[in-house]
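In what follows, a structure is listed as structure tokens, so that the remarks can point back to it.
Only this structure's heavy atoms are used, side chains among them; waters, hydrogens and symmetry mates stay out.
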Amino acid sequence: MTHFVRRRITGLTLVVVLSLLLTAATRLMEDNLLRPRTWLGWVLVVIVLFLASYRLRKQLAMLPLGASAAWLQCHIYVGLLSAPVFLLHTGARWPGGGIEVVTAVLFLTVFCTGILGLFLTRMIPPRLTDRGEEVIRERIPVFIRILREEAEASVAGAKNAAPSEVLSDVYLNHLHSFFQRPKNFVSHVFHSTKPRTALLNALDDTRRFLNTQHEQTMEQLAACVRRKDDLDYQYAMQSLLKYWLFLHVPLTWGLVVFTCSHVVTAMAFTSR
Amino acid sequence: MDRPRRWDMPFSQEAGHDSVLTDADIDSLLANDAFSRIDPAGFKRSVPLREILRNDVRIVDFEQGDVIVRQGDWGSSAFFVLSGAVRVELDRGDDASSDLIQGRQKKPRKTFFRSLAQLWQNNHHAEFRNPDAKQSVSGNLRSVGGVTRVYISDVSAVIEQHKTARMDAGHWFGELAALGRTPRVATVFADETSTLLEIRWQGLRDILRFDRDQGLKKYIEDVFRERAMASLLRTERLFADISDQEMADLMPHCRLETFGEYDTAKPFRELSGENAGSVKNEPLIAEQGDYPNAVFLIRSGVARLSQKHHAGRHTVGYLNPGRVFGLREVLQGFRSGRSTGYEARLSAIGYLNAVVIPASIVEDLLRSGAISDPEDSCRPAVHATHDAVDENLLNFLVDGKYVQGTETMVIDMDRCTRCDDCVRACATTHDNNPRFIRHGPVSGRHMVANACMHCLDPVCMIECPTGAIHRETLGGLVLINDQTCIGCAQCASNCPFDAIRMVETRNASGAILVDSKNAPILEATKCDLCHDQPGGPACQRACPHDALERIDLQSLSELEGVIAR
Amino acid sequence: MTDPLQQFDWKSSSYERPGDAWVCGRACAGAPCRLGPSADGECSVRSQCTPEKIGDRYRCTRSVLYGGKCADGPNPDGTCCQADESCQPAMSLMKRRKIAGVICASISLAVCLILFSDSTPLTLVSPGKVTSAHAALEANCTACHVAGEAHSGLLSNAFLSRNSLADSEKCLKCHQDIGDAPWAPHSVAGHLLAESTANAAVSSNSFGVSGKPGGYVHSGQQLACATCHQEHHGRSFDLAELSDQQCQTCHKTQFDDFAHGHPEFENFPHETRPNIYFDHARHINAYFAAVDLPSQTLDKDSLTACSTCHQQDAAGGMMLTADFQHTCAGCHESQIVDLPFPGVPFFAVTQVAEDSDTEQDEVSVYGQWPVTESSLRQMPPVMSLLVHGDTAGIGSLSMTPELIWQCKELLLRVRNVGEVALAERVPESHSLLHGILCELAPLLITVSSSWFPGLRDELAAHTAEQPLPNFPDVATPEHQAMPPVRGWYISDGDRTIRYRPVAHADPVLRRLLDYLVPRIGQESVSTELVELFTALSNPSGSGEIHRSGPLATGRCLSCHTTSTDRDGTLRVNWNTKVLGDYFAFTRFRHDPHTQIDVANSCLTCHQILNDQQQLDFYRPEYFRRDDLGLWQPQPETSCPLTSGLGPVKRSHCASCHNESTASHGCLECHNYHVHGP
């Protein structure tokens, strides 16, 4: 068993055990007419603040605040633990008040995007390693431009040979827009190779109209298409790895604000 | 502003020294034994001997007991005793000089608050440099030699307790470490009030290169045999306990051999080009299957171990300095009486400096009982092949010379989410400037990113005209003194790992600094392993997914530990 | 094998700066410039300048930093000759995310600030709908919350003050019927709860209350209403939910559920002292079975039917016993009304004690004192009380000459001022006794003139210490053992004023007993009261002291039991209703249960004990004879009267109230608020 597997099992076990303990503690407090909901609320506040503070840790990269990896592990498992705490806190009832509904919606959205992010960050990297050249996302447009220029050059005609009209047509009809910018985001997200196959087929269909030299050009074009498609794949996947944070992180700040409001109203109006 | 050049800052004024060598001083030096036999005519016009002396030499006075160099330090200068005498501590081992080590210079780490202050003190323009700091001679210079000295209070007691050797005026020392890019092998302190000449290794190198007489070069080789070989041999367990007499008998038979080119980075550049990965082009040292007539003890550089496999060759491991090749075969032959060939081929990766001990001498010593055949001598000549590090990766690391690295940045691309947290953390700790790029050659799922690996043998330092790129006195980190860097891009071109980047420096308003010809003033930048940060390398700590690791490839076990997680 | 797209050498690839806020505007087109935008998001490329006009020529002003003066110089019209190569830098992904975060936080903050501003109705921060019962209050936070009174105090209300009890007080504005200690556990004051806890601990099978039930009982900690009643969970939320586990936190003798481990109903109801002592077993088995029932109104069949006497109340929850006229009267009314009983004497001309020294001329000593042969030998207690005034504890009820004079003075005063004279004689004047005295006064006035015609003169002479005038003797009619009337009457034959009970629930006797019974147990009780109670409570008594006989007066307490109130006073139970607020801890409704087995619904649970021992009439343990051989009621605790019914078997209840019907929780039968509705 590798270190990471062991860590995962330990973490999950800890979350399960802690949530069972919390459930038992809640029952016990409820029976004793103590205030488990309030108590759990504070636990949840601490959890939310701790989870949000991960952002702060990233900001303070220069300080010896422990490895970010350790923080992330805590972030993940405390995040997972937050769901049972949330359920215990709300009593698995959907809240009725405005602030509470917004807080709950924000919490659940942040939680779900967190789970989504966990899923993405664990699923995508091996696929990225698998396919295409490893490139920095910000530079992909540059490489696309290089490929575009390469493709256009090959269509425009190799040295001492007239350009093939067939290939030019194909390029104009199918490939021109393809080489403009990252494409087929949705297909790549779902791992569909349909657009790629369609383009390659379109190119392949021209084979019967081409002489040997132009056939070579076509092969070069096809290679460009493949590489461009791989870049698109990298772009889509790397973007996905970044975009989920656009939900997760900004909503966290909203959640923190609404959590504070909820704490103030709940503490002010509690009659217990 | 003027473009910084080599010798903008003479060695005599660097790092707190502020004496100036006058022409009279230089004349008297030239009259000294050390330089009198050198023919100044052999030198290039741009690098005359006189200027070398003016700029790469300083005269330092030491009081009795002052520690001049310490064992284990990374130094990049050599010393010549002009007057007085120094004493060399011959004992090896860490405990011997513990009293001397106390005064070692500590890294000027940032305090917690200073570190935190980077949050708001970081310049928000990229690559900000204070143009005034370039010309300042005194004050906050990064230490190359280090002015703070440790002295031994009771010299006679040390002489009694430790085996020491006195070295009178007219001797060189420290040149082997300076030139061989190895740590200092012994501690040297002043035996009496002495005046020493200290020379940058670049200056020494130039003298060795252009001296037609080759007198100094010969002298240095003799000195090595006399001085460093014994301690080097004793690092091998087999010879650790033999008597001084036997050692004296052994040494004349041993040869110091250098494979590949000594003082240029050329082999690296060539090899990492289109010929990368081909064992064929590497200088052969010993062939697999050959009669084991010598034992090789690596002094510096890295060697590849490969075995024949059908038409090609398997890389089975690599040897770092201090490791031995051939001993196993010799011992086996001695035990069985039948000779067996070398188990693997040994070839130099670029440059290799090794001591060659003839097998017959080893057998003689075994026969005479001076050394005993250790039962567990089956210490493998090659790194045992582990499941975790497959041959692909091993080939990749050895072919790319990444095994040079002591702090190689290896990213597990199956875990890396390309979040760039490492790059941002790096920027935060370096005045808002990243010091590496998260790209680089990939093998399987491992990427060696373009970050300084702090090589065992930093070839980047070879052509530096000013010595701005240097090894930190302690620990051997390779650092660039941005106050003495002239932006010549020599190191960046030399680095086989694309770890050094030239940047256009900017002023406080974000405008690019240019010289009088409107060319931007460049500066070499690279990873400094956050040596001044309290938390160590920020990139590794900032990686949320355990993907990025700084690995010391000198021991494969560290890599295994990371890969097998 | 195609060449890799990227090159790593320092000339082809410079540092990527993902932390920067701005990226080159040309980056997405794939051609970013090496300079990159400035930290403020301005393009660093300055290919153009604003030429300066010197004289009639324009001069290039481009700084050396951007390439210096260009070779061509400005156009003739003063514009720069260079093409504008600057771009509009774009925000980096990081920057966009930061902005999204700031927007999200700002919107949230704005919404929250608006919600908490003074002009926003507080109801907007309501955490949910309240139950339908409280729905009318929903729009008015202040109705329930102290914190609702001001926006400004929200933070201090939240973290500095605790409003729980202040809020709970607001609950009590409507929920007034919760008792004096609304926030004590069970809404019962701490000492009472501790007392009943101690009592319960004596009984072997009670619900134990642990020593430290969250400290609630003993610490006197107050439980705010919202501890259990949590609002804002929707219209149909059950506010009064209380789980068995919550009960059992304090009630530590834990058991699994009602069917398993709940104590048996050993005491209740059959051993609880009923208000009316009615031995069901004896009546049903012995009397109703007898052939010659005296009753004219009830036949045998109806007698044995439970419903003849017991009917559910209008609400259906409680079984009521029908009134006397419809039940007991059939057999027992005649025993009350028709018995030969001369009545309780209240005033009598008693025989003067024998041991008096003044033998020679009695009349000269105490004047007129028309004793007859049947005159009583001792004063009736009430008379003694009146004559002695507040001098309690005379020890003897014998008549002496001094007392005769006092009697006469009393009579004269009654004649002069009416019942006031009597009332002032009884120190602890009480409305109950006062009513009786009011009725007695006219009779005393009558006898004062008929039996003592010369009373005024005689008293005047006695006061002046002159010889007493002579008066003719009063005529003495023959004594009649049984008077012809009921109620107050004057018996000339034995010179007494008596009261003969009129019927069941006689008002005078009832008032008299109501007056006596609470006082009889007290230490400071006067002898007369003890004597009077003895006379009235003696089950075989005649209404007169030392005269025994199966007479009706003593029988009030034969059927009507006494019980001790919670404040320790003894009271006569005149009514049949058993379930008062005293039993509010347990709740039982008969009507749903009687629907299950209509035919013999009552007997299913209430079994009649046919045990012979139970059939003893006047079981000795209910009463005891004191040293004088008089009957005294036993203290209640040591010996309850029984109803002749067997215990209700818990197992029978549990046949329905069990896990399968899920109707076995504590709150199925028990109320939390003992004082509650």
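- Remark: C:Arg97 CZ to A:Leu247 CG distance equals 11.5 Å, nearest 0.5 Å.
- Other residues, nucleotides and ligands contribute more than 12 heavy atoms inside 6.0 Å of the CD atom of A:Glu219.
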- Task: Applying side-chain contact (heavy atoms from CB on, under 4.5 Å), run through C:His232 and A:Phe269 and close with a yes or a no.
- Result: CA-CA 11 Å; C:His232 293 290; A:Phe269 285 95; over 6 Å; no
- Decide side-chain contact (heavy atoms from CB on, under 4.5 Å) for C:Leu93 and A:Arg137; before the verdict, give the C-alpha distance in whole Å, the side-chain angles of both, and the deciding distance to 0.1 Å. CA-CA 11 Å; C:Leu93 217 54; A:Arg137 179 179 174 275; 3.4 Å; yes
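- Interface residue A:Leu251: backbone and side-chain heavy atoms are both found under 4.5 Å from chain C.
- Contact of C:His233 with chain A is made through the side chain alone, with heavy-atom distances under 4.5 Å.
- Contact of C:Phe8 with chain A is not made at all, since no heavy-atom distance falls under 4.5 Å.
- Only the backbone of C:Ala27 comes within contact range of chain A, judged by heavy atoms closer than 4.5 Å.
- For C:Lys129, the NZ atom counts as loosely surrounded, since its 6.0 Å shell holds 12 or fewer non-hydrogen atoms of other residues, nucleotides or ligands.
- With a 4.5 Å cut-off on non-hydrogen atoms, A:Ile140 does not touch chain C at all.
- Ranked by heavy-atom pairs shorter than 4.5 Å toward chain A, the options C:Ala29, C:Cys112, C:Pro18 are led by C:Cys112.
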- Task: Kindly determine whether A:Asp31 and C:Ser243 satisfy side-chain contact (heavy atoms from CB on, under 4.5 Å), including the steps that lead there.
- Result: CA-CA 8 Å; A:Asp31 291 351; C:Ser243 73; 3.9 Å; yes
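- Across all their heavy atoms, C:Cys28 and A:Pro141 have their closest contact at O-CB, 3.6 Å.
- For A:Arg139 against C:Tyr15, the heavy-atom pair with the smallest separation is NH2-C, 4.3 Å.
- Interface check for chain A: of the options C:Cys141, C:Cys225, C:Pro127, the most heavy-atom pairs under 4.5 Å are formed by C:Pro127.
- Per-residue counts of heavy-atom pairs under 4.5 Å with chain C were compared for A:Ala268, A:Cys260, A:Pro182; the largest is that of A:Ala268.
- Heavy atoms closer than 4.5 Å to chain C are found nowhere in A:Arg181, neither backbone nor side chain.
- With a 4.5 angstrom heavy-atom cutoff, A:Arg226 does not touch chain C via any of its atoms.
- Of the possible polar contacts, one joining the C:Gln6 side chain to the A:Glu134 backbone as a donor-acceptor pair under 3.5 Å is found.
- Interface check for chain C: of the options A:Ser261, A:Pro95, A:Gly91, the most heavy-atom pairs under 4.5 Å are formed by A:Ser261.
- Only the side chain of A:Leu147 has a heavy atom closer than 4.5 Å to any heavy atom of chain C.
- Side-chain atoms of C:Thr227 and A:Arg35 form no donor-acceptor pair, as typed in the model, at a separation below 3.5 Å.
- How far CD1 of A:Ile146 is from CG of C:Leu5: 6.5 Å, rounded to the nearest 0.5 Å.
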- Start with the C-alpha distance between A:Glu138 and C:Val23, add both sets of side-chain angles, then the distance that settles side-chain contact (heavy atoms from CB on, under 4.5 Å), and finish with yes or no. CA-CA 9 Å; A:Glu138 284 71 19; C:Val23 293; 5.7 Å; no
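- For a residue to count as touching a neighbouring chain, one of its non-hydrogen atoms must lie under 4.5 Å from one of that chain's; by this rule A:Val264 touches chain C with backbone and side chain alike.
- Among the candidates A:Tyr243, A:Trp94, A:Trp253, the residue making the largest number of heavy-atom pairs closer than 4.5 Å to chain C is A:Trp253.
- Scanning all heavy atoms of the two residues, the minimum distance from A:Glu100 to C:Ser126 falls at OE1-O, 4.1 Å.
- Neither the backbone nor the side chain of A:Gln180 comes within contact range of chain C; no heavy atom of the residue lies under 4.5 Å from a heavy atom of that chain.
- Of the two parts of C:Arg26, neither the backbone nor the side chain holds a non-hydrogen atom closer than 4.5 Å to a non-hydrogen atom of chain A.
- Between the CG atom of A:Leu106 and the SG atom of C:Cys104 there is a distance of 6.5 Å, given to the nearest 0.5 Å.
- Surrounding CZ of A:Arg27 are at most 12 heavy atoms belonging to other residues, nucleotides or ligands under 6.0 Å away.
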